[in-house]
Amino acid sequence: MRIDIISAVPSLLESPFADSILQRAQTKGLVTVRIHDLRDYTTNKHRKIDDYAFGGGAGMVMTIQPIADCIKQLQSERTYDEIIYMTPDGERLTQTISNQMSSLENIIILCGHYKGVDQRVRDLFITKEITIGDYVLSGGELAAAVLADSIIRLIPGVLNDETSALTDSFQDDLLAPPVYTRPADYEGHKVPDILLSGDPNKVENWRMEQAEKRTKERRPDILKND
Ligand code: ADE
């Protein structure tokens with residue numbers, strides 16, 4: 001899979017992809033992540049990528065020219081399955097969306113800034129608009145990193161058995177159960193006996209019960225009623 005991220009502040013996207021699972025996924029050749037600095041595409045001699053909003057009002061708007069030129073350049077090199085715009089008024093990101101996107105070949109993620117992008121960018125190029133939650137960030141970069149992380153970890157081969165995504169929260173419409181590690185007794189606070197029983201069936205049943213209990217208590221909205 002290849003992910004191209006278009007950003008006005010590319011330095012914000014350096015560290016999320018430079019360590020741990022996301023870095024290993026790239027080294028293993030399972031994903032290619034390319035960050036594109038929008039200012040490299042502007043024809044403005046002052047490297048400007050924004051302008052005042054027509055009709056007035058506070059806040060700058062990102063201009064269409066550098067975004068369009070960057071997207072067209074990328075599209076001349078390969079075909080993209082989705083061109084995604086990170087924006088607070090998009091569709092809310094869910095595990096289902098990340099699962100679907102993890103099987104795509106090439107995607108572009110556009111990060112918004114200021115008051116957002118000229119509407120014509122959205123009308124002409126964008127195929128999907130995503131928000132990571134009902135709050136406003138200073139820009140789309142952190143949201144793009146969240147989206148990319150949630151997709152990349154689902155690409156086959158990225159996670160090993162120990163980090164398997166199959167036991168993640170949300171993967172079966174359930175939150176993950178509690179987990180424990182050594183010591184078995186921390187100042188009198190003991191690990192549940194069943195986890196030390198050595199009986200894999202009992203452990204599995206306990207985990208399922210705990211996952212259901214946690215989901216009922218915390219997120220009844222995601223429980224399937226069947
Ligand atoms: N840009 C600013 N806020 C955002 C959010 N919540 N999700 C996606 N992109 C954003």
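Numbering of ligands and ligand atoms starts at 1, following listing order.
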Here the atoms of ligand 1 under 4.0 Å from any heavy atom belonging to G133 are 6 (N)
Closest non-hydrogen protein atom to atom 5 (C) of ligand 1, residue and atom name please, with distance? T131 OG1, 3.6 Å
Closest protein heavy atom to atom 8 (C) of ligand 1, given as residue, atom name and distance to 0.1 Å: A143 CB, 3.4 Å
Which is closest to atom 4 (C) of ligand 1 by heavy-atom distance: A144, P88, G140? P88
Treating Ile, Leu, Val, Met, Phe, Trp and Tyr as nodes and any side-chain heavy-atom pair under 4.5 angstrom as an edge, say whether M60 and I67 lie in one connected cluster. yes
How about K48: does its NZ atom have over 12 heavy atoms from other parts shown lying under 6.0 Å from it? yes
Using 4.0 Å as the upper bound for N to carboxylate O, is an ion pair formed by E91 and K128? yes
One thing to verify: whether E217 and K213 come together as a salt bridge, which I'm taking to mean a side-chain N less than 4.0 angstrom from a carboxylate O. yes
May I ask you to decide whether D89 forms a salt bridge with R122, counting only side-chain N to carboxylate O separations under 4.0 Å? yes
Ligand 1 contacted by I130 (non-hydrogen, < 4.0 Å): yes
State whether K115 and D50 are salt-bridged, where the test is any N-O pair (Lys NZ or Arg NE/NH1/NH2 against Asp/Glu carboxylate O) under 4.0 Å. no
For atom 6 (N) of ligand 1, grab the closest protein heavy atom and report residue, atom and distance to one decimal in Å. Y135 O, 2.8 Å
Where does the angle between the aromatic ring planes of Y41 and H36 fall among parallel (under 30°), tilted (30 to 60°) and perpendicular (over 60°)? perpendicular
Counting non-hydrogen protein atoms only, what is the nearest one to atom 3 (N) of ligand 1? Give residue, atom name and distance. L137 N, 2.9 Å
Test item, G112 contacting ligand 1 (heavy atom, 4.0 angstrom): no
Please say whether V136 places an N or O atom under 3.5 Å from an N or O atom belonging to ligand 1. no
Looking only at protein heavy atoms, which one is nearest to atom 7 (N) of ligand 1, and what is the separation? I132 N, 3.1 Å
Side chain, backbone, both or neither: which part of D134 comes within less than 4.0 Å of ligand 1 when only heavy atoms are counted? neither
Do the charged groups of R24 and D19 touch, with an N to O distance under 4.0 Å? no
